Structures are given as structure tokens and as C-alpha cells.
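The next block holds one structure in the form of C-alpha cells; read it before the comments.
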Amino acid sequence: MGRYLVRRLLQLVPVFIGTTFLIYWLVWAVPGDPFAGKCGERRCPPEYVAALTEKYHLNENVFVQYAIYMKSLLQGDFGTTYSGRSINDIIATAYPNTLKLAVVALAIEAIIGLTAGVLTGLRRNGFLDNLVLVSSLFLIALPVFVVGFVLQWTFGVQWKIVTPTVSSEMPFSELLIPGFVLGSASMAYIARVSRTSIAENRRADYVRTAIAKGLPMRRVVGVHLLRNSLIPVVTLLGTDLGALMGGAIVTEGIFGINGIGRQVYRSIVTKESATVVSIVVVLVLVYLLMNLLVDLLYAALDPRIRYE
């Protein structure tokens, strides 16, 4: 396991470099004046533009700029915005909010999706099975912003059960609706995947053997059936954490959450390319580490899987 872990970590290095360079090049290639609007309605003085161009190495080619950026990144410095604000401070302020929202969404989709999948997988073609299938298709088909606005208006405006927007303290009670909105589509996928996995493994020989031994059904499902059926679900959940943080732009905008998604949107609008690249670099790193964690969890769930 130790050798496998070291090998996987070394494999992440070229993937990280290639991915971040591609992102950097795409942002660098976007046309437009990065200093537009920085001086109000009038054009910025040529001396100001020249000074910032030299400061941020914008007169260099993309390879030189990327090398300078990676050198600063290895020192823990994500750089500064064109207005002089530290990007480290922006990420430190916004990232915990998005992470908190993503964890709540992940917990909701895991609990509801897995419960629905297990119940329908054990009792197929019943009323509950049909209800879950229709509901999951409904959630997959609906865009996130539609689900968000409907739940916000229903629970926040019409019924006044929750506040329409999330406060700066972000208590758990205020994150339930945004978390459900953010994880709604993934929850539907988890329910369908776990249902199929449970239904297939229920016909396996080891389950029949466990039942023939007279083991309680709770132990058969919880120890034997569920453990072997969790592998595809763990894959979805593990890779979904990075996707949830990157896909929180709409949800954060609807509920007024000051997170990574809103910062990315603002940076794109204001052409703060360094901020966009830095935030995406953090998301790429989280996504790669979560993929590594998923691979390691496979061996814990299935004793037949061994890494060398």
C-alpha cells in the first residue's frame, strides 16, 4: 500500500502541472483589456497600464508567466489582484464557506440517495421503487437554478420556514436547503446507482450463503450486501466533492453565499485572471486528492482489492 501511495502521488505531479497549465493558457488567451474599468469610466493612463503590465509580467509569453506563477505557488503565494488585494486572503475567506456547503450537500446526497437506493434495491417494482425512479428523473432533468428558486420561494418566502438567503455565520440550519439544491442531481444518481448495485449483488452467491446460514437480514444487508455495493457509490461521492465546490456558482448566487463560486464569477466579470486561475488550481488539487482517496477506500471496502 505504501509503494502504491507514493507512486500515485508522483503520478499526480504531471497531471497537476498539465491541468494547471491548460487552465492558465485558456485564461491567458481570453481576449479583452484586463485593465478595463479599473479607472472608472475613463481609460487608465498609459503609465498606469505599463506599470501593471510589468508588475504582473503580462508582456511575457504564456510559458514565462506560468513559470513565474508556479514559482510563487510553490512558495504558498497565489499572487495579488490588479487592485492589490491578496488572492490568499480571498481564498481563505471564501473557501471555508464553499467547503462547508459542499460537505452539507455531500452528506444530504449520501444519506438520502443511499437510503432510497437500498430500500428500492431490496424491494424492486413496488410503489416506493417507482416513486424514487420518477423523483430521481425529475431531479436530474431540472436545472439547479430552477430547483434553487422553487425551494427558496417555497420555504423561504411563502412558508417562511427558513431565511431566503444565508447569513454570514452560515449555521447548519440555513445550509440545509442550499445543500439539498447543490446535491439534488448527484443524490438522484446515487439513488439509481445504489439501487442497481444492491439489486445485482442481492442475487450473488455470498448473499445466498449468508441467508442460508440463518444470519439476520439486517446483518446480511449491512455487512455483506451493502459493503460490496458501496464501491460505485463511493466513486460518485468521492469525485463529487470537487465537482460540488466547482459547481456551486449558481447555488451560492441564489442564496447569497460568499463562497468560491461567487468569487470565480466576480473574477471572470472583472477579468481578474490570476484569481480565476488560483481558485481553479485549488479545485483541481482537491479533485485529484479525492480521486486518490477513493482508490484507497476501494481496498477497505473490498478485501479482494490489493495495491502493490
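Basis for what follows: all heavy atoms, side chains included, without hydrogens, waters or symmetry-related copies. Keep in mind the model is a prediction, meaning the values are calculated, not measured.
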Notebook entry, point to check: Quick one: does Y69's side chain get under 4.5 Å of V281's, heavy atoms only?
Noted result: yes
Notebook entry, point to check: Within the side chain of Q152, is there an N or O that forms a donor-acceptor pair under 3.5 Å with the backbone of F255?
Noted result: no
Next item on the list: Determine yes or no for a side-chain-to-main-chain donor-acceptor pair under 3.5 angstrom, with N97 supplying the side chain and M170 the backbone.
Entry: no
Note to self: Minimum heavy-atom separation for G179 and A105, please, with both atom names.
What the structure shows: O-CB, 3.3 Å
Margin query: Counting C-beta onward and ignoring hydrogens, is there a side-chain heavy-atom pair between F180 and M187 closer than 4.5 Å?
Written below: yes
Check: Looking only at heavy atoms, which two atoms of A185 and I140 are closest? And how far apart?
Finding: O-CG1, 4.3 Å
Margin query: Applying side chain to side chain contact (heavy atoms under 4.5 Å, CB included) to T196 and R192, what does each step give before you reach the verdict?
Written below: CA-CA 6 Å; T196 303; R192 297 176 69 88; 5.5 Å; no
Notebook entry, point to check: Is there a side-chain contact between Q75 and K71, using heavy atoms and a 4.5 Å cut-off?
Noted result: yes
Check: Among the clusters formed by ILVMFWY side chains lying less than 4.5 Å apart, do M70 and V62 turn up in the same one?
Finding: yes
Next item on the list: Say whether, by atom type as modelled, one donor and one acceptor occur between the side chain of E60 and the main chain of Q65 under 3.5 angstrom.
Entry: no
Notebook entry, point to check: Would I17 end up clustered with I68 when hydrophobic side chains under 4.5 Å apart are linked, directly or stepwise?
Noted result: no
Check: Do any pairs count as a salt bridge (charged side-chain N to carboxylate O under 4.0 Å, His left out) and have a residue in residues 126-152, sequence neighbours left out, and if so which ones?
Finding: D129-R195
Next item on the list: Give a yes or no on whether F16 atom CZ has more than 12 heavy-atom contacts from other residues, nucleotides or ligands under 6.0 Å away.
Entry: yes
Check: Looking at OG of S194 and OH of Y189, how far apart are the two atoms once the value is rounded to the nearest 0.5 Å?
Finding: 14.0 Å
Next item on the list: Decide if atom CD of E54 counts as having more than 12 heavy atoms of other residues, nucleotides or ligands within a radius under 6.0 Å.
Entry: no
Item checked: Heavy-atom closest contact (T251 atom, P178 atom, distance) -> CG2-O, 3.6 Å
Notebook entry, point to check: If every non-hydrogen atom of A199 is compared with every non-hydrogen atom of R124, which pair is closest and at what distance?
Noted result: CB-CD, 3.5 Å
Checklist line | Main-chain N/O of L236 paired to D240 side chain as donor or acceptor, under 3.5 Å | finding: no
Checklist line | Spacing of CG belonging to N258 relative to OG1 belonging to T93, to within rounding of 0.5 Å | finding: 7.5 Å
Check: What are the two closest non-hydrogen atoms of A116 and A191, and how far apart are they?
Finding: CB-CB, 4.3 Å
Check: V221 and I211: same hydrophobic cluster, using ILVMFWY side-chain contacts below 4.5 Å?
Finding: yes
Next item on the list: Any chance you could lay out the side chain to side chain contact (heavy atoms under 4.5 Å, CB included) test for L292 and L288, step after step, and finish with the verdict?
Entry: CA-CA 6 Å; L292 175 61; L288 292 176; over 6 Å; no
Note to self: Tell me which one of V147, I254, I108 satisfies side-chain contact (heavy atoms from CB on, under 4.5 Å) with V181.
What the structure shows: V147
Check: Out of curiosity, does F145 fall in the hydrophobic cluster containing V166 (side-chain heavy atoms, cut-off under 4.5 Å, transitive links)?
Finding: yes
Checklist line | R123 atom CZ, over 12 foreign heavy atoms within 6.0 Å | finding: no
Checklist line | Side-chain (E174) to main-chain (T163) donor-acceptor, under 3.5 angstrom | finding: no
Notebook entry, point to check: Hey, are the side chains of P143 and F149 touching, using non-hydrogen atoms and a 4.5 Å cut-off?
Noted result: no
Check: Between CG of L175 and OG of S167, what distance do you get to the nearest 0.5 Å?
Finding: 8.5 Å
Next item on the list: Report yes if some heavy atom in the side chain of I87 is under 4.5 Å from a heavy atom in the side chain of T81; otherwise report no.
Entry: yes
Next item on the list: Look up atom CZ in R266 and atom OG1 in T275, then write down how far apart they are to the nearest 0.5 Å.
Entry: 11.5 Å
Item checked: Main-chain N/O of L133 paired with S136 side-chain donor or acceptor, under 3.5 Å -> yes
Next item on the list: Flag yes if V64 and L74 sit in one hydrophobic cluster, no otherwise; membership is Ile, Leu, Val, Met, Phe, Trp, Tyr, and two members link when side-chain heavy atoms are under 4.5 Å apart.
Entry: no
Next item on the list: Decide yes or no for I279 and F78: does some side-chain heavy atom of the first lie under 4.5 Å from some side-chain heavy atom of the second?
Entry: no
Note to self: What verdict does the side chain to side chain contact (heavy atoms under 4.5 Å, CB included) test give for K100 and V103, after you've listed the backbone C-alpha separation in whole Å, the side-chain angles of each residue and the deciding distance to 0.1 Å?
What the structure shows: CA-CA 5 Å; K100 190 175 181 180; V103 169; 5.9 Å; no
Check: Between CZ of R262 and CD1 of I257, what distance do you get to the nearest 0.5 Å?
Finding: 9.0 Å
Note to self: With a 6.0 Å cut-off (strictly less than), is the heavy-atom count around OH of Y206, excluding the residue itself, greater than 12?
What the structure shows: yes
Check: Yes or no on side chain to side chain contact (heavy atoms under 4.5 Å, CB included) for Y82 and S273, after CA distance, side-chain angles and deciding distance?
Finding: CA-CA 9 Å; Y82 295 139; S273 56; 3.5 Å; yes
Note to self: Is it the case that the side chain of E252 and the backbone of G261 share a donor-acceptor pair, with hydrogens and angles ignored and the cut-off at 3.5 Å?
What the structure shows: yes
Item checked: Nearest-0.5 Å distance that lies between atom CG in D77 and atom OG in S86 -> 6.5 Å
Next item on the list: List the atom of I23, the atom of V284, and the distance in Å for their closest heavy-atom pair.
Entry: CD1-CG2, 3.8 Å
Check: Are any of the side-chain heavy atoms of Q263 and I91 separated by less than 4.5 Å?
Finding: no
Notebook entry, point to check: Should Y95 and V286 count as side-chain neighbours, where that means a heavy-atom distance under 4.5 Å?
Noted result: yes
Margin query: Are more than 12 heavy atoms, taken from residues, nucleotides or ligands other than Y265, located less than 6.0 Å from that residue's OH atom?
Written below: no
